[in-house]
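The figures here come from the full heavy-atom set of this structure, side chains too, leaving out hydrogens, waters and symmetry mates.
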Protein chains: 2
Amino acid sequence: MKKINVKKGAVLQRKGDISSRVYLVESGLLRSYTIDEKGKEHIFMFGPEHWLVADSCEPNTPCQLFIDAIEDTIINIALKEDLLKEGPDLNALLRRLNTMQNRIIMLMSSNAKERYEHFIKTYPNIIQRVPLKMVASYLGITPEALSRVRHDLSLEK
Amino acid sequence: MKKINVKKGAVLQRKGDISSRVYLVESGLLRSYTIDEKGKEHIFMFGPEHWLVADSCEPNTPCQLFIDAIEDTIINIALKEDLLKEGPDLNALLRRLNTMQNRIIMLMSSNAKERYEHFIKTYPNIIQRVPLKMVASYLGITPEALSRVRHDLSLEK
DNA sequence: CCTATGCATTGATGTACATCAAGAAATGAC
DNA sequence: GTCATTTCTTGATGTACATCAATGCATAGG
């Protein structure tokens with residue numbers, strides 16, 4: 001468990017790396033994302049303070065995710081093996097499963113506006129800290145679409 | 001850990017239930033799915049033999065998923081608490097996280113045809129066992145769209 | 001301070017997929 | 001076997017969102 005400081009923009013892990021590192025965010029903000037064959041970027045998750053950020057790849061297989069810092073960030077680095085040995089935080093694991101389950105359901109059942117409203121409710125503090133185009137990438141829509149959703153919502157009030 | 005037989009069509013769990021049961025499939029096929037506010041059904045996952053099927057809801061909160069049997073199925077039922085106590089299968093948990101991560105990436109980056117091809121590659125044995133409309137529901141597209149994807153693919157060869 | 005780069009917005013157009021509707025084929029009940 | 005129900009396909013139309021392009025605003029670097 002090694003504590004380090006990373007500067008905004010620093011890349012901790014690249015797609016294709018073989019790594020079983022896990023990053024526990026103490027302060028700041030990480031993000032994990034992938035780049036598909038068409039060159040498009042998709043944010044998998046944001047990692048604000050107290051979140052665990054990691055690629056859930058199998059041991060000794062190439063990672064699918066890039067991980068980098070959106071803000072200057074202080075992280076604790078651990079290895080999956082070590083976490084597993086010392087008895088991992090099972091509740092954290094369950095919570096993570098739950099988060100991912102919600103995400104999948106949302107991606108399958110919601111349109112752009114619903115996704116945005118859900119995001120705002122679930123992560124009210126993230127929206128002020130990242131450019132909107134990253135929010136769009138997380139939601140699975142384009143920045144243009146997000147801009148229009150926000151415009152429409154502002155009219156409704 | 002109780003072993004039971006369930007008939008095709010039997011419902012093991014409903015959305016809104018408070019349940020921390022986990023179903024280990026010995027033979028047969030389960031499915032978990034949700035029904036959204038618009039009344040549309042979305043299959044979250046299929047559970048063929050040796051899979052673990054469960055709602056990843058937090059303890060004592062209502063489930064989001066229905067779980068039922070697509071075929072006559074033999075399952076072992078356990079409680080999450082018990083599994084946690086006796087040291088859960090961590091590798092299975094990691095594999096599950098990986099599966100869900102892949103699903104999220106797929107939903108964000110792939111079109112209907114790519115999703116279908118990915119499904120065929122990943123679950124080659126499921127496709128013969130379920131109606132295509134369930135495959136469509138799993139992929140997040142309509143049965144009509146799936147039918148056309150399959151038609152186009154058959155022409156390509 | 002000025003300029004370059006990235007970000008957000010807006011409009012015009014394109015497209016993948018949804019929806020609706022009808023018919024054919026398969027499946028199941030009796 | 002026959003009838004009813006569900007499933008699958010095909011066509012016509014609709015729509016949410018993507019894409020492309022232009023412009024105004026910030027922000028950062030020299």
Nearest-Å distance, NZ (B:K133) to P (D:dT5)? 15 Å
Atom CD1 of B:I70 and atom P of D:dT7 are separated, to the nearest Å, by 11 Å
Heavy atoms of B:V25 and B:P48 approach each other most closely as CB-O, 3.5 Å
The residue among A:R31, A:K15, A:K133 that forms salt bridge (charged side-chain N to carboxylate O under 4.0 Å, His left out) with A:E41 is A:R31
Students often mix this up, so state it plainly: with edges at 30° and 60°, are the rings of A:Y138 and A:Y123 parallel, tilted or perpendicular? perpendicular
Between B:P143 and A:P143, which residue's closest nucleotide on DNA chain D lies nearer the 5′ terminus? B:P143
Heavy-atom contacts, protein to nucleotides 20-30 of chain D, under 4.0 Å, summarised as B (base), S (sugar-phosphate only) or - (none) per nt, yield B----------
hydrophobic_cluster_shared for A:F44 and A:Y116, side chain cutoff 4.5 Å: yes
In numerical order, the residues of residues 32-41 of chain B whose heavy atoms come under 4.0 Å of DNA chain D are none
Of all heavy-atom pairs between A:A54 and A:L65, which one has the smallest distance, and what is that distance? O-CD1, 4.3 Å
Set out, in order, the CA-CA distance, both residues' side-chain angles and the distance that settles side-chain contact (heavy atoms from CB on, under 4.5 Å) for A:L24 and A:I75, then state yes or no. CA-CA 5 Å; A:L24 178 62; A:I75 53 177; over 6 Å; no
As a check of understanding: the bend across the helix from C:dC1-D:dG30 to C:dC30-D:dG1, end axes from five pairs, rounded to 10 degrees, works out to 60°
Compare every heavy atom of A:S56 with every heavy atom of B:Q101, then report the nearest pair and how far apart it is. OE1-N, 2.9 Å
Between A:N91 and B:E58, is any side-chain donor less than 3.5 angstrom from a side-chain acceptor? no
To the nearest angstrom, the CG-P distance between B:D152 and D:dG11 comes to 12 Å
If you draw a 6.0 Å radius around CG in B:N125, do more than 12 non-hydrogen atoms from other residues or ligands fall strictly inside? yes
Which whole-number value in Å describes the distance from B:L146 CG to C:dT19 C1'? 16 Å
Could you go through A:E81 and A:S20, starting from their C-alpha distance and side-chain angles, then the distance that decides it, and tell me whether this counts as side-chain contact (heavy atoms from CB on, under 4.5 Å)? CA-CA 8 Å; A:E81 303 86 86; A:S20 65; 2.7 Å; yes
What integer distance in Å separates A:R115:CZ from D:dA18:C1'? 13 Å
Does the pair A:D72 and A:K8 meet the rule for a salt bridge (charged side-chain N to carboxylate O under 4.0 Å, His left out), with working shown? CA-CA 4 Å; A:D72 291 351; A:K8 174 174 174 171; over 6 Å; no
Can you tell me if B:K38 has over 12 outside heavy atoms packed within less than 6.0 Å of its NZ? yes
Would you say a side-chain N or O of A:H151 is under 4.0 Å from OP1 or OP2 of C:dT9? no
Atom pair distance, as rounded to whole Å: CZ in A:R150 and C1' in C:dT10: 15 Å
Test salt bridge (charged side-chain N to carboxylate O under 4.0 Å, His left out) on B:K7 and B:E71 and set out the steps. CA-CA 7 Å; B:K7 282 273 163 213; B:E71 304 173 353; over 6 Å; no
Salt bridge (Lys or Arg N to Asp or Glu O under 4.0 Å) involving A:E49 - partner list, sequence neighbours excluded: A:R129
Check: protein-nucleotides 13-17 of chain C nitrogen or oxygen pairs below 3.5 Å:
from   : atom 1 : to     : atom 2 : distance (Å)
C:dC17 : OP1    : B:A112 : N      : 2.7

Among the clusters formed by ILVMFWY side chains lying less than 4.5 Å apart, do A:I67 and A:I126 turn up in the same one? no
Output the residues of residues 116-128 of chain A in contact with DNA chain D, where contact means a heavy atom of the residue under 4.0 Å from an atom of the strand; sort by number or write none. none
Verify whether one side chain among B:Q13 and B:D68 offers a donor that lies under 3.5 Å from an acceptor in the other. no
